Amino acid sequence: MDLQFTPQEQAFRDDVRAFLKDQLPARIANQVKAGQRLSKADQEEWHAILNARGWLANHWPEAHGGPGWSTVQKFIFDTECALAGGPRIVPFGVNMLGPVLIKYANAQQKAHWLPRILSGEDWWCQGYSEPGAGSDLASVKTTAVRVTDASGDHYIVNGQKTWTTQGQHANMIFCLVRTDREAKAQSGISFLLMDMNSPGVDLRPIRTLDGDCEVNEVFFTNVKVPAKNLVGEENKGWTYAKYLLTYERTGIAGVGFCIAALVKLKVIAARVLKNGKPLDQDPLFAARMARVDIDLENMKTTNLRVIAAAASGGVPGAESSMLKIRGTEIRQEILSLIRRAMGPYALPFEEEAQYAGYAEPLLGEPEAATAAAHYFNYRKLSIFGGSNEIQKNIISKMILGL
Amino acid sequence: MNFQHTEDRHMLADSLNRFLSEKNGIEIRHQSAGSALGFSREVYAGLAELGTIGALFPEDAGGFGGTGFDVSVVFECLGSNLAVEPLLGALVVGQALIAAGTDAQRAALESIMAGTSVAALAHEEPGSHYELSHVTLSATPAADPSAGDWVLNGRKAVVPMGDAADLLLVSARTAGQPLDADGISLFLVQGDAPGVSRRGNGRIDGGRTAELTFTNVAVDASALLGAPGQGLAVLERISGYALLALAAESLGAMDMAKDQTLEYLRTRKQFGVPIGSFQALQHRMADLLLEVEQARSAVINAAAAVDDTDRTTRERALSAAKYSVGRIGTLVAEESIQMHGGIGMTWELPLAHYAKRLVMIDHQFGDEDHHLARFIALGQAAVCA
């Protein structure tokens with residue numbers, strides 16, 4: 001075994017670092033490091049910078065505009081970006097839909113949609129979850145009925161999606177829709193691409209517990225969708241949906257973000273005082289920090305082992321569920337410790353301080369303005385992408401054979 | 001990056017597992033683990049013949065391995081076969097001879113690798129509770145040089161295979177107070193040396209330990225290993241190998257406990273269905289799998305770090321691994337027993353003995369709490385440096 005990066009991989013890491021140093025706007029990095037919310041324009045700006053370098057869709061094959069990186073290179077890139085304060089790549093188009101289109105879409109669809117993901121012309125959101133369904137995605141009730149009229153082949157879509165992250169920015173949504181009501185739950189589902197600006201699409205923001213509105217409800221009332229927007233075969237959507245989810249879960253593990261968050265925690269704990277001594281010398285706090293530190297060290301190696309196993313070209317399988325569970329637990333624990341480190345100054349909440357350009361003097365530690373909101377916001381990690389309980393069901397079925 | 005073992009190590013593991021499953025089946029293992037000797041000389045000789053002990057040491061010392069991954073492969077096999085043979089003693093005493101021994105002292109390596117001589121580290125003392133620098137057994141210059149050069153007096157606690165050991169590596173204080181870093185010296189003492197009295201005990205997880213009392217034990221200057229008073233660094237170095245070995249052994253044992261529990265969940269029926277169909281147990285089993293994979297990563301990290309020249313990097317990875325298997329090993333043991341129900345409480349079931357070993361590994365060379373505290377202290381020292 002050899003846990004060191006090869007000289008080529010180290011050279012690649014140097015390249016990535018140099019790129020980030022030159023190209024990642026300091027304004028954006030500072031916002032990310034301060035834990036402030038990013039505007040749509042900020043996110044688009046970062047996508048455009050990455051795309052100009054050919055590094056935006058780093059999971060994609062070269063033929064479709066990907067950089068042709070190995071899984072190890074992707075890992076290095078994600079980690080370095082997170083450490084430098086690079087924003088998370090908005091995953092819906094690039095990381096989720098892209099791989100599905102590349103594997104299952106027809107030539108025309110690929111030629112049309114893939115370049116638009118890269119250029120940022122389309123901002124995609126995800127239409128998987130429905131009210132009352134939670135992680136039980138196969139219980140999709142939104143219907144799509146195929147009709148042919150003078151204007152061509154269409155689906156007429158009715159129903160509702162929810163928890164649509166950043167749907168307020170999106171002009172396109174990929175949806176799971178029920179095209180066969182008679183079939184068994186998983187065999188009557190299709191994968192449909194819809195224009196958010198179509199008549200009959202209505203979007204309502206959902207305010208989350210931290211006060212933000214990053215998720216939405218989406219309503220469809222007799223929405224007309226061209227039949228050419230069906231991906232793959234009718235009623236085979238479940239296969240594509242599952243394929244997409246394995247990509248989503250690996251991303252959610254977020255080892256790079258865990259590493260960056262731990263660095264932040266250590267800096268805070270070395271600065272914040274308790275009884276006149278830095279918090280990292282408080283035995284109980286130090287023990288909590290050390291535990292998560294060790295768990296993360298182990299997780300990094302576990303992640304690299306999964307990557308090495310998948311490097312032969314396979315997609316991440318049920319192992320991505322393990323990464324999702326442990327990665328999200330670790331990240332939540334770190335965010336919890338950052339919140340604890342703020343002491344009583346975790347209590348005050350100023351909505352405006354969540355955004356860049358807040359001019360008032362901050363209360364308590366600089367991180368106090370966002371620490372508690374972050375902690376609450378990121379409780380979502382163990383819920384979305386299939387709750388951690390669902391991941392355990394997957395592990396017990398796919399790996400343990402129970 | 002590469003997470004594959006070399007072909008040689010694969011072959012070693014294969015032959016080791018084959019040998020142990022043939023010669024150390026659970027009934028034979030129980031017999032030797034509970035015998036007056038505490039292990040099987042026949043199995044130990046067989047392991048030596050296969051090259052298992054030689055794999056723990058580098059070529060220039062007469063072995064053919066000695067890297068972290070050699071050590072971890074061997075001990076993982078020992079763990080998955082629940083072997084009680086005294087390889088840990090061979091590893092730590094052998095590494096001490098390599099690190100600090102004279103040519104004459106290193107000659108003992110040959111019989112250690114051949115499996116004909118049983119070696120043991122006599123370091124822990126009553127009340128030292130894993131603290132490496134806690135040494136009170138005294139070594140004083142002899143008043144009568146004709147009898148020897150040093151005289152040892154004091155006690156050593158829970159010495160593995162201490163009653164059968166031919167060669168003891170004894171830590172002793174030649175200067176300073178009980179917790180001082182300086183003033184600890186290491187001596188090589190024959191197990192049956194005059195003045196050494198040994199009270200042997202069986203262990204709850206099989207094998208034996210002994211309480212040793214040293215009463216005016218006279219040894220020659222040639223028994224001193226390394227520089228006088230400078231033994232702590234050697235102790236830390238060889239303990240590092242022990243931490244890696246125990247972590248790997250734990251991993252081997254937890255893999256087996258996990259597999260046996262999984263098999264039980266698939267076959268044991270209640271309420272007309274396999275109990276593995278109950279979500280409450282599925283989730284506990286998924287957690288176990290996840291934790292065992294984390295332990296595997298910890299062992300890999302430790303194996304890669306054991307030869308690192310930077311002390312903080314090396315020792316933090318080793319303490320992290322021992323902490324991880326301490327926590328996870330106990331979890332696997334407790335959960336495996338629970339999921340087996342009543343049968344998990346019986347001597348008859350091999351799982352019960354894996355569970356005991358998993359928990360008892362936490363009592364060797366520092367437990368979960370000890371290594372978490374050590375991990376923290378090493379990090380703080382690194383920041384201050």
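Everything quoted here is computed from the prediction, not taken from an experiment. So that the names make sense, note that chain A is the first sequence line, chain B the second, and so on, each numbered from 1.
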*Asks:* Who in residues 313-322 of chain B is close to chain A, using a strict under-4.5 Å heavy-atom cut-off?
*Replies:*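 B/Arg316, B/Ala320, listed by number.
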*Asks:* Compare every heavy atom of B/Ala304 with every heavy atom of A/Leu3, then report the nearest pair and how far apart it is.
*Replies:*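 Looks like CD2-CB, 3.9 Å.
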*Asks:* For the atom pair CD (B/Gln4) and CE (A/Met1), what is the distance rounded to the nearest 0.5 Å?
*Replies:*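 It is 7.5 Å, given to the nearest 0.5 Å.
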*Asks:* Tell me which of these, B/Lys258, B/Glu291, B/Arg9, has more heavy-atom pairs under 4.5 Å with chain A than the rest.
*Replies:*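 Sorted descending by pairs with chain A, the first entry is B/Glu291.
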*Asks:* Any chance you could measure B/Asp287, atom CG, to A/Lys392, atom NZ, to the nearest 0.5 Å?
*Replies:*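 One finds 3.5 Å between CG of B/Asp287 and NZ of A/Lys392.
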*Asks:* Nearest 0.5 Å, please: how far is CD in A/Glu389 from NE2 in B/His283?
*Replies:*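 B/His283 atom NE2 to A/Glu389 atom CD measures 6.5 Å (nearest 0.5 Å).
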*Asks:* CG of B/Leu289 to CD of A/Glu319: how many Å apart, nearest 0.5 Å?
*Replies:*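 Here the rounded value is 9.0 Å.
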*Asks:* Return yes when atom CD of A/Gln10 has more than 12 non-hydrogen atoms of other residues, nucleotides or ligands closer than 6.0 Å, and no otherwise.
*Replies:*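 Yes, enclosed.
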*Asks:* Could you name the residues of residues 263-283 of chain A that have a heavy atom within less than 4.5 Å of a heavy atom in chain B?
*Replies:*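 Against chain B, the residues of residues 263-283 of chain A that fall inside the cut-off (heavy atoms, under 4.5 Å) are A/Lys266, A/Asp280, A/Gln281.
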*Asks:* Let me confirm one number: the CZ-CE distance from B/Phe375 to A/Met289, rounded to the nearest 0.5 Å.
*Replies:*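 It is 9.5 Å, given to the nearest 0.5 Å.
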*Asks:* Taking B/Arg266 for its side chain and A/Leu400 for its backbone only, find out whether a donor-acceptor pair lies under 3.5 Å.
*Replies:*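 Between the backbone of A/Leu400 and the side chain of B/Arg266 there is a qualifying donor-acceptor contact (under 3.5 Å).
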*Asks:* side-chain hydrogen bond (donor to acceptor under 3.5 Å, both in side chains) with B/Ser297: which of A/Thr301, A/Asn298, A/Thr302, A/Asp295?
*Replies:*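 The option that passes is A/Thr302.
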*Asks:* Determine the option with the most heavy-atom pairs under 4.5 angstrom with chain B, choosing from A/Thr6, A/Asn393, A/Ile325.
*Replies:*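 Looking at each option in turn, the highest pair count goes to A/Asn393.
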*Asks:* Which atoms of B/Tyr323 are under 4.5 Å from chain A, going by heavy atoms: the side chain, the backbone, both sets, or neither?
*Replies:*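 Contact with chain A involves the side chain of B/Tyr323 alone.
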*Asks:* Between B/Glu293 and A/Arg305, is the closest basic N to carboxylate O distance under 4.0 Å?
*Replies:*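 A salt bridge is present here (some side-chain N lies under 4.0 Å from a carboxylate O).
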*Asks:* Evaluate the side-chain proximity of A/Leu402 to B/Leu262: yes if any heavy-atom separation is below 4.5 Å, no if none is.
*Replies:*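 Side-chain contact under 4.5 Å: yes.
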